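Presented below is the structure to which this report refers.
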Amino acid sequence: MAPTDLSTVEPPEACLAWVKSAHPREVILDHAVTVNLTWWNDALRERGLPGGPVVRRDSTGHRVDHSRAVITRGDIFALAAASSGSPTDILALLWHTLAWGAGGKVRQILNRMDSVSRDRSVAALALRTAAQPSHRDPESVAPRLQ
């Protein structure tokens with residue numbers, strides 16, 4: 001199946017005006033999502049999956065222990081930058097990324113966790129394999145992941 005050609009899609013004027021006027025940090029790094037940490041961590045614990053708990057850290061790096069927390073895209077980037085590349089760190093990045101991406105809509109997340117649970121080492125290796133070239137040439141990774 002060929003990817004959809006987006007080269008002719010034009011965003012609405014209001015969208016373009018907002019992007020041009022917004023500060024990049026506000027648009028990208030500060031993009032925040034509220035996450036139910038209790039739900040995520042219960043689901044990970046029930047499956048015995050490494051890489052948890054899903055947490056939010058404050059500006060000083062201290063863990064925020066609330067049942068619901070705000071996670072930003074910048075938090076995900078910081079977690080990726082701090083990753084040692086170990087399977088546990090790779091899965092921690094996966095859970096946090098999925099939590100941020102899903103927000104309050106966790107449809108199919110349990111299926112994803114169950115998939116990882118069936119073979120953790122294969123999942124971690126696939127994520128590590130995708131991460132290496134993603135720093136140099138992200139488009140080269142997509143075909144291998146399909």
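Values below: all heavy atoms of this structure, side chains included; hydrogens, waters and symmetry mates excluded. What you see is a predicted model; the values in this text were computed from it and never measured.
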Rounded distance [0.5 Å steps], [atom1] in [X] versus [atom2] in [Y]:
X	Y	atom1	atom2	value
R120	T88	CZ	OG1	10.0 Å
L16	S21	CG	OG	11.0 Å
S117	L110	OG	CG	11.5 Å
R47	D42	CZ	CG	10.5 Å
K20	C15	NZ	SG	10.5 Å

State, with a plain yes or no, whether a side-chain heavy atom of [X] is found less than 4.5 Å away from one of [Y].
X	Y	value
R73	V33	no
M113	V116	no
L127	L94	yes
W95	R112	no
P87	R128	yes
V106	N36	no

Problem - Residues T72 and D75: side-chain donor-acceptor under 3.5 angstrom - result: yes
How close do [X] and [Y] get, heavy atom to heavy atom, and via which atoms?
X	Y	result
I71	I76	CG2-CD1, 4.0 Å
I90	G85	CD1-O, 3.2 Å
G52	L44	CA-CD1, 4.0 Å
A69	L37	CB-CD1, 3.6 Å

